[in-house]
Amino acid sequence: MAAVRARLCSRNPHKLEELRAALSGWELELLDADGYPPEDGASYYENARAKAQFGLDHAGPRVWIIGEDSGIEALALGGRPGVHSARWADDGVARLLAEVAGADDRSARYVCELVCLTADGELRGAGILDGTLAAAPRGSEGFGYDPIFVPAGETRTVAELGDEWKRRHSHRARAAQALFAAAPS
Ligand code: IMP
């Protein structure tokens with residue numbers, strides 16, 4: 001089969017790099033478009049699907065279109081902010097630290113859902129990264145909540161572990177590995 005040409009419906013270059021590593025042989029670029037739909041779905045899947053549909057409407061069916069949605073879920077907050085992570089607060093890290101202050105259990109997880117629209121239909125991949133919330137931000141790589149997220153089995157935050165670590169182990173990398181496995185070879 002010829003190399004898969006795909007577009008990621010996102011403006012986030014970190015996400016692109018995390019996906020590229022897992023989607024071996026795919027020619028993956030960011031979709032160059034404005035006016036993405038609001039992330040107001042009830043699930044990661046709905047948001048990812050809406051982004052992919054927007055991408056398909058924009059780019060047409062010549063390339064595979066990947067929609068992505070992700071978030072962080074804190075156990076002490078009953079899974080919040082979850083699917084609302086992106087628009088939860090101007091400073092999500094500060095709010096999350098404030099809301100879990102004093103909690104006995106600082107467990108959290110990152111979740112990622114990918115939806116890929118192809119000429120033949122829809123492929124999906126999901127990934128989870130379990131961990132705990134640090135007491136204060138540490139590290140400079142990654143983005144978003146990475147300075148306060150310590151993956152299970154690690155002592156450093158994702159922002160300290162760095163982009164190379166994320167390309168292999170993040171929730172997004174895991175979702176991309178699942179998507180790659182689901183794709184026809
Ligand atoms: P979205 O998937 O672009 O809607 O982002 C969801 C929210 O979750 C954003 O606020 C991100 O900061 C956060 N988030 C998702 N994935 C990650 C990650 O890999 N690191 C840090 N924050 C993330």
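Counting starts at 1 for both ligands and their atoms, in listed order.
In this structure, the side chain of S170 does not engage the main chain of R167 through any donor-acceptor pair within 3.5 Å. Put simply, the side chain of Y110 gets close to the backbone of D146: a donor and an acceptor are under 3.5 Å apart. Checked by atom type and distance alone, the side chain of T157 never pairs as donor or acceptor with a backbone atom of I148 at under 3.5 Å.
Among all protein heavy atoms, the one lying closest to atom 12 (O) of ligand 1 is G144 CA, 3.4 Å. Protein heavy atom at the shortest distance from atom 20 (N) of ligand 1 is D146 OD1, 2.7 Å. At the top of the distance list for atom 19 (O) of ligand 1, counting protein heavy atoms only, stands K166 NZ, 2.7 Å. Closest protein heavy atom to atom 16 (N) of ligand 1: R172 NH2, 2.7 Å. Nearest protein heavy-atom contact of atom 8 (O) of ligand 1 is S85 CB, 3.5 Å. The protein heavy atom nearest to atom 22 (N) of ligand 1 is Y145 N, 3.1 Å. In terms of protein heavy atoms, atom 9 (C) of ligand 1 is closest to A86 CA, 3.9 Å.
Numbered from 1 in the order shown, with element, the atoms of ligand 1 that lie under 4.0 Å from a heavy atom of D69 read 1 (P), 2 (O), 4 (O). Close approach of ligand 1 to E39 is summarised as follows: ligand atoms under 4.0 Å from at least one heavy atom of the residue are 1 (P), 4 (O).
When heavy-atom distances to ligand 1 are checked against a 4.0 Å cut-off, F143 comes that close through both its backbone and its side chain. With a 4.0 Å heavy-atom cut-off, ligand 1 is reached by no atom of H14.
Counted within 6.0 Å of CG on D57, heavy atoms from surrounding residues, nucleotides or ligands total more than 12; the atom is thus considered enclosed. Heavy-atom neighbours of D91 CG from other residues, nucleotides or ligands within 6.0 Å: above the threshold of 12.
The shortest non-hydrogen separation linking W88 to L96 is CZ3-N, 3.6 Å. In terms of heavy-atom proximity, K166 sits nearest to A173 at O-CB, 3.6 Å. Contact detail for I66 and W26: the closest heavy-atom pair is CD1-CZ3, 4.0 Å.
Looking at K15, H84, E68, it is K15 that brings a heavy atom closest to atom 1 (P) of ligand 1. In this structure, of S70, A48, G67, A89, the residue bringing a heavy atom nearest to atom 6 (C) of ligand 1 is S70.
Stacking of R5 on the aromatic ring of W64 is not recorded, the 6.0 Å distance cut-off and the 45° axial limit not both being met.
The closest approach between any non-hydrogen atom of G71 and ligand 1 is below 4.0 Å.
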